[in-house]
Enquirer: 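Input: one structure, supplied below.
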Amino acid sequence: METIRVPVIIGDGTGEDIWNASREIFEEAVLRTTSGEKRIEWIPLLAGIKALDAHGTLLPEETVEAIKESRIAIKGPLTTPVGGGFRSVNVYLRQIFDLYVCMRPIKYFDGLPSPLKEPSKVDIIIFRENTEDLYRGIEWKEGTAEAQDVIDFLKHRMGVSISRDSGIGIKPMSRAGTERFSRWVFEWAMKNGRRTVTIVHKGNIMKFTEGAFREWAYEAARSYGDRICTEERTGIGGVFLNDRIADNMFMQIIARPGDYDVLLCPNLNGDYLSDACAALIGGLGVAPGANFGDNVAIFEPTHGSAPKYAGKDMVNPTSFILSGAMLFEHIGLLDTARAVRNAIEETIRAGAVTYDLARQLGGVKPVKCSQFGREVLKKLTPPVL
Ligand code: NAP
């Protein structure tokens, strides 16, 4: 029997509830879909607040080393207090492993609630650049010497006057960063037979960051010749590349979701869009995610630690479980991924849903997080090939 070793960061807040409901599903899915030839062994790792309490650091070296060695990990949500000197460990993980692609599939299936009239048209993959933009966290607090230095520099060297009581943030977006991200997404779209890639940007206002992002993505597409067409360069077949201004995109995705397929977003726009699109298929409890670099991939739900629900055995583990399915797909266990997805879909279709979906469906009694996990487990059968 082959053992697949998978690092896991259970996470803060509701992370424990979600992990308890999901663990056995993953283990059973691997066993059943490989006829007992493979099994998972978890490598439990600490990060965030739990790591700070145990080791005095948010991201212990052994966590980094274990992920580096395995090249994959699955993680639950980590809490980042707003303000103060506490940087996001989620962002830090993406930066140290150079996980420059964030992928968030948003696909409707029967049984999910949706505010849309025709939710079955929602089948969108949001790709978000993961290492640049305002998310780099380069900022200085109002009143500090650093903020004053930047304000003085802008005034005396650049002729720009801003209020002295400003906090300052920097929004770096590079040609190289945009190009490697765009190429990753184009290649994924071609390999997976997707029809359209839409660049989402606010280039009409932020010309040299978001506007440049748009230009650089089009530039990267040119090297693919006829395999990527645009409105100016129509070819035979291939992926069609177009672009939309971000505010318009928020409207379009609700009004005409069927027109959109793969979205290519800068970091912050992609962050906002991910949550907005999750609302089209039942909310954050349903939307999975993955972060890819050239060497490491980390799989995680779109949602955060939802601390008010911690320990209440209430939240929806679907997003985490589907993130696990993405991990299985990544390591080539396609049947396992399919079996997990099928079991989730059948469970929800049968009406076993947690509070978040039940309150939108109306007249449905919610099941606990743990109960939902047990229902999924019951539906888990090897896929019929
Ligand atoms: P959140 O934890 O995502 O929760 C926001 C709301 O989304 C919840 O109050 C709940 O809505 C719903 N929700 C989230 N997870 C759910 C689940 N599994 N099942 C059902 N509903 C779910 O966002 P937040 O409250 O803004 O952030 C809390 C902490 O998480 C912060 O420290 C933040 O920095 C962090 N965070 C971490 C990550 C990550 O680890 N990747 C991502 C985002 C945020 P209702 O209240 O309407 O039921």
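Each ligand, and each atom within it, is numbered from 1 in the order the structure gives.
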Enquirer: With heavy-atom distances below 4.0 Å as the criterion, list the atoms of ligand 1 near P307.
Expert: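 With P307 as reference, the close atoms of ligand 1 come out as 28 (C).
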
Enquirer: List the steps, then state whether ring pair (Phe, Tyr, Trp, His ring centres under 6.0 Å) holds for Y355 with Y309.
Expert: CA-CA 11 Å; Y355 85 93; Y309 296 118; 4.9 Å; yes

Enquirer: Which of the atoms of ligand 1 are close to L284, meaning less than 4.0 Å from one of its heavy atoms?
Expert: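 Per the distance check, 3 (O), 7 (O).
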
Enquirer: Quick one: does K308 get a heavy atom under 4.0 Å from ligand 1?
Expert: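 The answer is yes: ligand 1 sits under 4.0 Å from a heavy atom of K308.
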
Enquirer: Test of understanding: given a 4.0 Å heavy-atom threshold, classify the contact between M314 and ligand 1 as side chain, backbone, both, or neither.
Expert: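 Within the 4.0 Å criterion, M314 makes no contact with ligand 1.
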
Enquirer: Give the contacting part of P317 toward ligand 1: side chain, backbone, both or neither, where contact means a heavy-atom distance below 4.0 Å.
Expert: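 Neither part.
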
Enquirer: Go through ligand 1 atom by atom and flag the ones less than 4.0 Å from a non-hydrogen atom of P77.
Expert: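 Close to P77: 40 (O).
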
Enquirer: Within 45 degrees of the ring normal and closer than 6.0 Å to the centroid, is that where the cationic atom of R244 sits relative to Y260?
Expert: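 Output no; distance or angle outside limits.
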
Enquirer: Give the numbers and elements of all ligand 1 atoms closer than 4.0 Å to a heavy atom of E300.
Expert: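 Ligand 1 atoms under the 4.0 Å threshold to E300: 41 (N).
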
Enquirer: For ligand 1, which atoms have a heavy atom of N90 less than 4.0 angstrom away?
Expert: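 So the atoms of ligand 1 that pass are 37 (C), 38 (C), 39 (C), 40 (O), 41 (N).
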
Enquirer: With sequence neighbours left out, what residues match S161 under side-chain contact (heavy atoms from CB on, under 4.5 Å)?
Expert: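 Scan of S161 (side-chain contact (heavy atoms from CB on, under 4.5 Å), adjacent residues dropped) gives none.
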
Enquirer: Enumerate the atoms of ligand 1 whose separation from the nearest heavy atom of K75 is less than 4.0 angstrom.
Expert: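 Answer, ordered by atom number: 40 (O), 41 (N).
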
